[in-house]
Number of protein chains: 2
Amino acid sequence: MQSVWEAVADPHRRKILSLLKGGEMSVSDIHAHFDFSGATLSHHLGKLKAAGLVVTRRKGQQIIYGVHMSVFEEAAQTVSDLFRREEGSS
Amino acid sequence: MQSVWEAVADPHRRKILSLLKGGEMSVSDIHAHFDFSGATLSHHLGKLKAAGLVVTRRKGQQIIYGVHMSVFEEAAQTVSDLFRREEGSS
DNA sequence: TAGACATTTAGATAATTCTCTAAATATTGA
DNA sequence: TCAATATTTAGAGAATTATCTAAATGTCTA
């Protein structure tokens with residue numbers, strides 16, 4: 001599994017996550033927000049999926065992406081751990 | 001300025017930040033925790049500095065690195081923004 | 001001032017990443 | 001079943017990154 005840190009290092013992927021936080025979207029819905037090719041989008045979605053940050057389901061011809069909440073919240077914990085100021089260091 | 005996201009994408013750099021959260025350290029102090037060359041360490045420190053996450057001062061022959069608290073806390077906000085669940089979405 | 005120590009810079013290489021086009025796969029509807 | 005639509009995979013090229021050794025820079029002490 002790819003690290004969450006690497007997954008969110010790319011601005012396009014952070015934008016995808018922000019979009020998905022607003023609710024599930026199909027690949028073409030997401031694609032409407034970007035200029036690059038579908039193959040490139042697929043590459044980014046693959047990285048997010050490898051990090052476990054998103055989940056997919058099929059709906060007819062479309063694949064619907066959504067944030068994987070449990071992993072997302074774990075990730076929130078991980079990142080806030082790095083950035084939390086040392087405790088008890090008055 | 002390099003993005004905080006890219007700066008923390010690398011595990012070595014995250015380890016450096018964790019070390020520095022415990023207090024200021026010289027380059028050689030930091031180096032003692034890693035296996036790679038001094039030049040490589042310098043490269044990583046440069047990235048952290050470009051992101052504004054660390055500050056330096058000279059103390060004789062040594063350069064002392066420390067976390068740049070204001071930028072660090074801004075970064076904490078930035079990352080928690082991405083990972084915060086949508087508000088008011090009951 | 002010369003030599004030693006600490007760190008950074010320069011220049012090179014290997015690995016990874018982002019992007020593309022073209023082809024493959026999966027599903028739907030006629 | 002065929003053609004259209006949606007997405008992913010394959011393969012390749014350009015850019016970036018992590019790493020190294022060697023050289024340069026800055027500071028201290030004898």
Side-chain angles (χ1 to χ4, degrees), chain A residues 1-20 22-68 75 79 82, chain B residues 1-20 22-68 75 79 82:
Chain A
M1 158 123 33
Q2 164 132 12
S3 96
V4 166
W5 292 106
E6 292 156 40
V8 299
D10 183 271
H12 295 318
R13 293 196 289 267
R14 292 196 299 276
K15 182 170 168 183
I16 292 170
L17 284 177
S18 293
L19 289 168
L20 292 180
E24 293 184 329
M25 298 173 81
S26 71
V27 173
S28 16
D29 288 345
I30 299 168
H31 198 185
H33 293 265
F34 293 98
D35 280 339
F36 44 63
S37 73
T40 295
L41 175 56
S42 199
H43 157 81
H44 287 305
L45 292 172
K47 295 243 163 183
L48 289 172
K49 196 160 185 199
L53 287 166
V54 298
V55 284
T56 58
R57 62 187 173 87
R58 182 176 276 280
K59 181 187 170 188
Q61 289 159 284
Q62 307 188 118
I63 307 285
I64 309 294
Y65 276 76
V67 168
H68 188 175
V79 304
L82 175 63
Chain B
M1 159 121 38
Q2 164 132 13
S3 97
V4 166
W5 291 106
E6 292 156 41
V8 299
D10 183 272
H12 296 318
R13 293 196 289 267
R14 292 196 298 277
K15 182 170 169 184
I16 292 170
L17 285 176
S18 293
L19 289 168
L20 292 179
E24 293 184 328
M25 297 172 80
S26 71
V27 174
S28 17
D29 287 344
I30 299 169
H31 198 186
H33 293 264
F34 293 98
D35 280 338
F36 44 64
S37 73
T40 295
L41 175 56
S42 199
H43 158 81
H44 287 305
L45 292 172
K47 294 244 164 184
L48 289 172
K49 196 160 186 197
L53 287 167
V54 298
V55 284
T56 58
R57 63 188 173 85
R58 182 175 275 279
K59 181 187 170 190
Q61 288 159 284
Q62 306 187 121
I63 308 285
I64 309 294
Y65 277 76
V67 169
H68 188 176
V79 303
L82 175 63

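These numbers come from the heavy atoms of this one structure, side chains and all, not from hydrogens, waters or symmetry mates. So that the names make sense, note that chain A is the first sequence line, chain B the second, and so on, each numbered from 1.
Qualifying side-chain hydrogen bond (donor to acceptor under 3.5 Å, both in side chains) partners for A:Arg58, counting only residues two or more places apart in sequence or in other chains: none. For the side-chain hydrogen bond (donor to acceptor under 3.5 Å, both in side chains) test, residues two or more places apart in sequence or in another chain that qualify with B:His68 are B:Ser70. Residues that satisfy the side-chain hydrogen bond (donor to acceptor under 3.5 Å, both in side chains) test with A:Ser37, not counting sequence neighbours, are A:Thr40. In this structure, the ring-ring contact (aromatic ring centres under 6.0 Å, His included) partners of A:His44, at least two apart in sequence or on a different chain, are A:His12, A:Phe36. The side-chain hydrogen bond (donor to acceptor under 3.5 Å, both in side chains) test applied to B:Glu24 returns B:Arg57, not counting sequence neighbours.
Sorted by first then second residue, the salt bridge (Lys or Arg N to Asp or Glu O under 4.0 Å) pairs that include residues 30-48 of chain B, not counting sequence neighbours, number zero. Evaluation of the salt bridge (Lys or Arg N to Asp or Glu O under 4.0 Å) test over residues 6-19 of chain B, restricted to residues two or more places apart or in two chains, returns none.
Residues B:Ser3 and B:Ala51 come closest through the heavy atom pair O-CB, 4.0 Å. Nearest heavy-atom pair, A:Leu53 versus A:Ala7, reported as atom, atom and distance to 0.1 Å: CD1-CB, 4.0 Å. The shortest heavy-atom contact between B:Ala75 and B:Val4 is CB-CG1, 3.8 Å. Residues B:Ile30 and B:Phe34 approach most closely at O-CD1, 3.4 Å, considering heavy atoms. The two residues B:Leu17 and B:Val67 have their closest heavy-atom pair at O-CG2, 4.3 Å.
Across residues 25-34 of chain B, not one residue has a non-hydrogen atom less than 4.0 Å from an atom of DNA chain D. The stretch residues 4-11 of chain B has no heavy atom under 4.0 Å from DNA chain C, so no residue of it qualifies as close.
With contacts defined as side-chain heavy-atom distances shorter than 4.5 Å, the pair A:Ser28/A:Gln62 qualifies. Annotation: side chain of B:Leu45 is not in contact with side chain of B:Val54 (no heavy-atom distance under 4.5 Å). Between B:Tyr65 and B:Leu48, every side-chain heavy-atom pair lies at or beyond the 4.5 Å cut-off.
Here A:His44 does not reach the OP1 or OP2 of C:dT17: none of its side-chain N or O atoms lies under 4.0 Å away. Here B:Tyr65 does not reach the OP1 or OP2 of C:dA6: none of its side-chain N or O atoms lies under 4.0 Å away. At least one side-chain nitrogen or oxygen of A:His12 sits closer than 4.0 Å to the OP1 or OP2 atom of C:dT19.
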task = Kindly indicate, with the supporting measurements, whether the criterion side chain to side chain contact (heavy atoms under 4.5 Å, CB included) is fulfilled by B:Leu41 and B:Ile16.
result = CA-CA 10 Å; B:Leu41 175 56; B:Ile16 292 170; 3.8 Å; yes
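Rounded to whole Å, the distance from CZ on A:Arg57 to P on D:dT8 is 14 Å. Protein atom CG of A:Leu41 is 11 Å distant from nucleotide atom P of C:dC20, rounded to whole Å. Nucleotide C:dT19 holds its C1' atom 15 Å from the CG atom of A:Leu45, rounded to whole Å.
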Under 3.5 Å between N/O atoms: give me all the protein pairs with nucleotides 21-28 of chain C, atom names plus distance.
none

task = Go along nucleotides 11-16 of chain D 5' to 3' and tag each nucleotide: B for a protein heavy atom under 4.0 Å from its base, S when only backbone or sugar atoms are that close, - otherwise.
result = ------
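Using five terminal pairs a side, the axes of the helix from C:dT1-D:dA30 to C:dA30-D:dT1 at its two ends make an angle of 20°, given in steps of 10 degrees.
Nearest-nucleotide positions on DNA chain D for B:His43 and A:Ile63 put A:Ile63 closer to the 5' end.
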